[in-house]
Trainee: 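One structure, as structure tokens, below. Some questions next.
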Amino acid sequence: MLSYQATKILSYYQDLDLSKWGYGKKNLSVKAKKLKDDEKNVATPLKRKQDVPTCHLEKKRLPLMNYTSHERRYNWTSRRPEFSENYPCDIRSLGNEEKRELLANIEQAVAFVTTMIFQDGSSQLNSEQALTSSVKGIVILVKNQTDRLCSPSYSSSDRIRNAADERDKLIYLKTECSSLWEQEEQAHKKFAWRVLFQMMRRKVPVICFNAKDFLRTVLQIYGNEISWKQVADSVVLDPRIAAWLINPSDTVPSFECLTEKYFEKSFSMETENTDTGTLRNASVSSLRLLLLADTDAYSYLALQVQGLWKLFCTLELPLIKILAGMKPAQNKTLHLFHTALRLKELEQEAHQIAGERFLLTSSSQLREVIFILLLLTKLSLSKLQDLHPLPKIMLEYRQGFISSTWNQTGTVTGRISSKHPNIQGISKHPVRIVKKQYIKGKEEEIVTISPRALFVSKKGYTFLAADFSHIELRILADLSSEPELLKLFQEPETTDIFTTLASQWKGIPSEEVKQADREQAKRVVYSVVYGAGKERLAECLGITPLQASHFIESFMQKYKKVNEFTKKTIEQCRTKGYVVSIMGRKRPLANINAQDYKLRTQAERQAVNFVVQGSAADLCKMAMVEIFTSVVTSPTLTARLIAQIHDELLFEVEDSQIQEFSETLVKFESHDYFKLTSIRNILHYNLSI
DNA sequence: TCTATTCCGGACCCA
DNA sequence: GTGGGTCCGGAA
């Protein structure tokens with residue numbers, strides 16, 4: 001009934017062929033054999049950071065980027081030669097002829113390796129991610145076709161002298177605008193835009209560590225010139241995502257850590273020049289970018305060996321661009337606040353009162369702000385100074401938009417996480433706020449407010465929420481092949497699924513199922529699946545543990561295959577050391593064979609949960625990719641993703657396109673799970689597919 | 001001994 | 001029972 005074929009995903013990555021870029025097939029298979037042995041390491045008890053296949057010296061000889069003797073560069077014990085000519089060339093210093101040459105170069109490049117440079121001189125490759133520092137520029141290594149490495153005349157000494165091929169170009173694009181109004185600056189920006197535009201238009205790899213941040217920045221800076229649809233055209237590769245797939249529990253591997261893991265020795269950057277004012281302090285040399293390219297290449301080797309390649313190409317890589325192009329949501333209250341702030345006197349007051357510093361990123365503090373705004377509408381503005389002190393940081397939120405950060409590698413199960421604020425954690429239900437007023441003689445005021453309703457779409461646009469219905473239960477039904485459970489989903493969804501389930505389970509007509517029965521059924525299902533004990537279930541349901549265990553037993557009796565499924569999953573995990581989702585996502589569970597009962601049973605629950613939760617994440621990502629590609633390839637559609645709440649996708653759709661967009665959704669392969677539930681703001685409808 | 005920062009567990013929200 | 005983020009207060 002349900003098919004999990006992922007092969008039909010329309011994606012630019014579909015035809016991703018390593019050999020085209022010098023990942024020789026011959027080499028691959030040889031290396032693959034060696035890696036196979038390492039694969040076993042996954043299941044062995046981990047020293048925490050070492051659950052990535054360890055690499056040995058010979059693996060340094062990577063087939064990528066055509067340097068036969070480049071391993072010499074990884075001889076860390078020897079002194080690194082100076083590569084002064086390999087520091088970036090600022091494109092502003094180029095003459096017209098050189099610019100033309102560069103563009104021609106880009107047209108023929110086989111790959112690009114790139115990183116952002118921050119204000120403080122650090123790059124994306126530095127371990128301390130400079131979150132405070134803003135972006136200063138972009139360094140790009142333009143790799144050109146060089147087949148001559150096959151030629152024996154190209155000696156290693158040549159290679160050492162020119163770490164990068166001489167036809168490779170290392171360029172620097174300044175992005176910070178000091179004096180935007182100057183004509184010269186404008187011309188530079190335009191040329192930088194052209195370089196980036198052409199780079200992304202080419203269907204060759206753009207290798208970047210933390211590619212999402214890179215793309216987002218590009219969109220931010222050149223938002224007027226480069227649309228998110230054009231960014232979607234690029235073929236970005238991110239070794240960090242690869243590393244996360246191989247070892248999902250290591251959620252923040254730095255570039256240094258990765259090179260250490262893959263190439264054994266750490267690559268010290270002590271020789272980096274710290275001068276200021278010159279481009280040398282860009283802390284990026286072609287050497288470093290080549291190392292990034294090699295890290296990238298090595299990751300893919302490991303991905304292929306572990307069977308993660310397809311998952312990587314069909315889901316994770318396209319997702320980078322989707323997350324990069326996600327639109328910040330406009331918040332009604334912040335917008336109002338902005339409007340209010342525009343009033344001159346109020347702005348002054350705001351500055352005066354501002355003393356207490358707090359972030360808007362927390363929901364409770366957000367509520368405070370909301371409350372202030374509610375008061376604003378009721379009270380005269382002159383009384384504002386008597387109210388809560390206003391945060392300075394508020395000024396940053398003037399536009400009234402909330403843009404949270406979406407993290408692709410933040411979970412072990414393959415789900416996406418969000419922070420600042422955590423949009424996925426915003427309360428669904430109305431919140432009660434009791435606020436003391438600092439105005440003499442006024443009583444306390446209670447306000448209820450629905451935090452989600454505060455997000456509003458642009459004028460002329462509508463929020464469209466599309467979500468999976470009971471996705472985890474469906475996956476469970478499918479994976480366990482439990483006939484009774486499958487029957488639930490074969491019938492058209494006329495009544496509530498848990499009501500039907502309760503009637504089926506208890507053998508009573510669905511009309512007689514009470515709310516309490518339904519609740520029980522729901523709880524029991526999830527408890528049994530995820531291995532909750534009778535005590536926990538009893539606590540949830542407000543019954544005695546004895547009654548709870550009766551429930552569990554009768555459920556197991558009725559749906560035998562579910563129990564078989566969990567047992568099978570655990571068994572498989574014991575022998576292999578890891579569990580696999582429907583799309584082949586892996587989670588190593590070292591404790592599955594532990595002596596300690598507590599640790600072992602926890603690993604068992606995690607194993608079962610991963611298969612279900614991870615598979616659900618896979619399907620949701622598939623939907624995201626499919627919807628995204630169909631919007632991108634459509635000449636008319638402009639729908640943009642606002643948020644992803646695990647099994648729900650929130651889009652902002654042009655009013656005139658609602659029909660067309662809805663029809664697009666219907667086509668998806670995952671449609672067995674997918675349905676539109678609601679469209680806020682204007683429309684409300686329920687569409688069962 | 002006091003103050004300031006950092007860390008960690010627990011509580012809450014979400015799926 | 002699993003997977004997240006954020007807040008808070010107490011310990012270091």
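Keep in mind it's a predicted model, so treat the numbers as computed, not measured. Here is how names work: the chains are called A, B, and so on, in the same order as the sequence lines, proteins then strands, and each is numbered from 1.
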Trainee: Mind checking whether Thr566(A) and Thr569(A) have side chains closer than 4.5 Å, heavy atoms only?
Mentor: no
Trainee: Is it true that His646(A) and Phe468(A) have ring centroids separated by less than 6.0 Å?
Mentor: no
Trainee: Give a yes or no on whether a salt bridge exists between Arg523(A) and Glu519(A), defined as a side-chain N under 4.0 angstrom from a carboxylate O.
Mentor: yes
Trainee: Within the structure shown, what part of the strands sits under 4.0 Å from Ser527(A) by heavy-atom distance: base, sugar-phosphate, or nothing?
Mentor: nothing
Trainee: Distance check: side-chain N/O of Ser427(A) vs OP1/OP2 of dC14(B), anything under 4.0 Å?
Mentor: yes
Trainee: Measure CZ/Arg585(A) against P/dT2(C) and give the value in whole Å, please.
Mentor: 20 Å
Trainee: Is any N or O donor-acceptor pair between the side chain of Arg415(A) and the base of dG3(C) shorter than 3.5 Å?
Mentor: yes
Trainee: Could you tell me whether the phosphate oxygens of dG5(C), OP1 or OP2, come under 4.0 Å of any side-chain nitrogen or oxygen in Ser417(A)?
Mentor: yes
Trainee: Between Phe651(A) and Phe463(A), is the ring centre distance below 6.0 Å?
Mentor: no
Trainee: Rounding to a whole Å, what distance do you find between Ile570(A):CD1 and dT2(C):P?
Mentor: 13 Å
Trainee: Rounded to whole Å, how long is the line connecting atom CD1 of Ile416(A) with atom P of dG4(C)?
Mentor: 13 Å
Trainee: Look at Arg452(A) and dC14(B) and indicate whether a side-chain polar atom (N or O) is within less than 4.0 Å of OP1 or OP2.
Mentor: no
Trainee: Separation of Tyr526(A) atom OH from dG3(C) atom P, in whole Å?
Mentor: 17 Å
Trainee: Does the ring centre of Phe551(A) sit less than 6.0 Å away from the ring centre of Trp505(A)?
Mentor: yes
Trainee: Tell me what Val529(A) touches on the nucleic acid: a base, only sugar-phosphate, or nothing, going by heavy atoms under 4.0 Å.
Mentor: nothing
Trainee: Please list, chain by chain and in numerical order, all residues satisfying side chain to side chain donor-acceptor pair (under 3.5 Å) with Ser418(A), sequence neighbours excluded.
Mentor: Asn422(A)
Trainee: Round to a whole Å and report the spacing from NE2 of His420(A) to P of dC13(B).
Mentor: 21 Å
Trainee: Could you tell me the separation between the CD atom of Gln644(A) and the P atom of dG4(C), rounded to a whole number of Å?
Mentor: 14 Å
Trainee: When the distance from NE2 of His646(A) to C1' of dG5(C) is rounded to whole Å, what number comes out?
Mentor: 10 Å
Trainee: Please report, rounded to the nearest Å, how far the C1' atom of dA15(B) is from the CD1 atom of Ile475(A).
Mentor: 13 Å
Trainee: If you check the His429(A) side chain, which of dG3(C), dC14(B), dG5(C) turns out closest?
Mentor: dC14(B)
Trainee: Is there a residue in residues 592-611 of chain A whose heavy atoms reach under 4.0 Å of DNA chain C, and which residues are they?
Mentor: Gln602(A), Arg605(A), Gln606(A), Asn609(A)
Trainee: For Asn247(A) and Ser249(A), test the side chains for any donor-to-acceptor distance below 3.5 angstrom and give the result as yes or no.
Mentor: yes
